[in-house]
Protein chains: 2
Amino acid sequence: MGRAGDSVLGFAILGLLAEASLSGYDVKLRMAEPVGFFWRASHSQIYPELAKLEAGGMVVHKAVPQSGKPDKKVYEITADGLLAVREWVSLPARLGPTRDEATLKAYLSWLGERGEMAEMFRELGRKHEGQLEKYEETERWMLREWGEPEEFGARRFANYAALRRGIGFEREYAEWCRWVAEKLEGR
Amino acid sequence: MGRAGDSVLGFAILGLLAEASLSGYDVKLRMAEPVGFFWRASHSQIYPELAKLEAGGMVVHKAVPQSGKPDKKVYEITADGLLAVREWVSLPARLGPTRDEATLKAYLSWLGERGEMAEMFRELGRKHEGQLEKYEETERWMLREWGEPEEFGARRFANYAALRRGIGFEREYAEWCRWVAEKLEGR
DNA sequence: CATCGTTATGTAAATACTGACATATGAAGT
DNA sequence: ACTTCATATGTCAGTATTTACATAACGATG
């Protein structure tokens with residue numbers, strides 16, 4: 001209906017602000033690094049979305065002058081905003097409108113030249129392999145710093161759960177790419 | 001740049017038309033069933049896209065009167081169109097702009113009520129489990145009808161490769177959901 | 001002193017996508 | 001007779017997303 005904090009992006013931002021007050025730029029940075037792995041957004045979406053959230057009473061901002069850097073607007077979540085995310089988070093998640101270009105290309109692979117297709121999947125596999133390694137390094141760091149997953153608090157577990165999804169996803173994807181490439185090469 | 005057949009959807013359609021001439025409705029049906037698992041599109045996207053492809057010389061149509069049913073427009077791929085898909089298919093696939101609502105909700109799960117969150121992931125896991133079973137049934141059918149994957153022709157292999165991705169994806173996803181639910185329930 | 005990178009915030013145009021509206025034929029079931 | 005379903009093709013409004021444009025302060029590098 002167009003209520004503020006209606007879009008998934010809006011809730012993603014509210015979720016970040018539930019943990020700490022942030023500037024639009026800070027939100028952008030988090031949307032690149034940890035959150036971006038499962039919900040990407042650029043600053044040209046974030047700034048307008050923050051304005052929309054503020055118009056809807058979900059967040060408020062105050063200007064913070066800085067020396068050495070441009071001033072920033074630090075956004076803080078309101079009671080309404082917190083209530084809205086808390087309600088949203090346990091609502092059934094929509095299954096993503098599955099759109100995977102690589103799987104489409106696999107489905108149409110009979111149209112391409114075998115060797116070129118194999119090389120493409122080989123390279124794609126390497127990319128996913130690389131991402132997997134980054135995730136696995138993060139996991140090692142978490143286990144080293146935080147101890148046993150069974151004893152994580154809710155916040156840390158939430159973090160770890162998202163990472164586990166990334167690891168499973170990339171591992172499966174990389175394996176599939178290698179398998180496709182191998183078969184296309186005719187072994 | 002806005003050339004016809006520029007969008008992934010355009011190439012998806014060209015790929016379908018490379019195998020057989022189809023009406024917009026037929027394309028829609030394939031976008032629901034096998035293709036829709038990795039590239040979803042509704043008829044409100046398909047009809048305009050076909051018109052765009054035709055304007056760009058990638059496809060041509062002829063009206064086919066039918067008795068008992070409304071007339072249809074059957075689209076056929078042109079030499080230009082075929083060349084365009086063939087080139088596109090072995091070009092590096094963009095990594096999908098990862099947007100997965102469920103992983104976002106896992107990341108923000110500390111904001112929700114434990115039991116509700118667990119139930120949500122439990123239910124989501126069931127959905128992915130159901131999809132997995134459908135895919136596995138299709139796989140059994142393929143192996144029964146087509147024999148050994150090693151002896152599939154390029155077309156059948158392409159089909160099978162996309163299915164294998166679906167199976168891996170759903171299996172991993174369902175497992176992750178179960179794992180999250182279990183941990184949230186505190187076992 | 002010029003340029004580049006980082007921080008910081010925005011807008012605009014174009015494309016992509018969803019969901020609803022709109023229409024029409026004929027078959028099959030109630 | 002009435003309704004529903006499958007076939008068949010489209011448009012429209014609104015939302016979401018991407019890419020490019022636009023500005024500005026400051027520090028570091030050359």
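The sequence lines fix the lettering, A, B, ..., with proteins before strands; numbering per chain opens at 1. Given the structure is predicted, the values throughout are model-derived calculations rather than measurements.
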Within this structure, what is the [atom1]-to-[atom2] distance between [X] and [N], rounded to whole angstrom?
X	N	atom1	atom2	answer
A/L9	C/dC17	CG	P	17 Å
A/W39	D/dT18	CH2	P	10 Å
B/I13	C/dA16	CD1	P	12 Å
A/E49	C/dT9	CD	C1'	16 Å
B/D71	D/dA8	CG	P	10 Å
B/E54	D/dG10	CD	C1'	15 Å
A/L50	C/dG10	CG	P	9 Å
A/K28	C/dA8	NZ	P	10 Å

Let's see if you can work this out: which of [options] has an atom nearest to the side-chain heavy atoms of [X]?
X	options	result
A/Y47	C/dG10, D/dA16, D/dA8	C/dG10
B/P70	D/dT7, D/dA24, C/dG10	D/dT7
B/P48	D/dT19, D/dA8, D/dT11	D/dT11
B/H43	D/dT11, C/dT11, C/dA8	D/dT11

Between [N] and [X], is there an OP1 or OP2 to side-chain N/O distance shorter than 4.0 Å?
X	N	result
B/R99	D/dT17	yes
A/R40	D/dA16	no
B/Y25	D/dT9	no
A/Q45	D/dA16	no
B/Q66	D/dT7	no

Check every strand shown and say whether [X] touches a base, only sugar-phosphate, or nothing at a heavy-atom separation below 4.0 Å.
X	result
A/K73	sugar-phosphate
A/S23	sugar-phosphate
B/R94	nothing

Aromatic centroids of A/F37 and A/Y135 separated by under 6.0 Å: yes
Mind checking whether A/F157 and B/W179 have ring centres under 6.0 Å apart? yes
Under a 4.5 Å side-chain heavy-atom rule over Ile, Leu, Val, Met, Phe, Trp and Tyr, are B/V8 and B/I13 clustered together? yes
Atom CD of B/E139 and atom CZ of B/R164: how far apart are they, to the nearest 0.5 Å? 4.5 Å
Whichever of A/K69 and A/V8 has the more 5' nearest nucleotide on DNA chain D, that residue is A/V8
Cut-off 3.5 Å, side chains only: do A/E54 and A/H61 have a donor facing an acceptor? yes
Step by step, work out the ring-ring contact (aromatic ring centres under 6.0 Å, His included) result for A/W146 and A/Y160. CA-CA 10 Å; A/W146 298 350; A/Y160 184 63; 8.1 Å; no
On the side chain of B/S44, is there an atom forming a donor-acceptor pair with the base of C/dG19 - under 3.5 Å, no angle test? yes
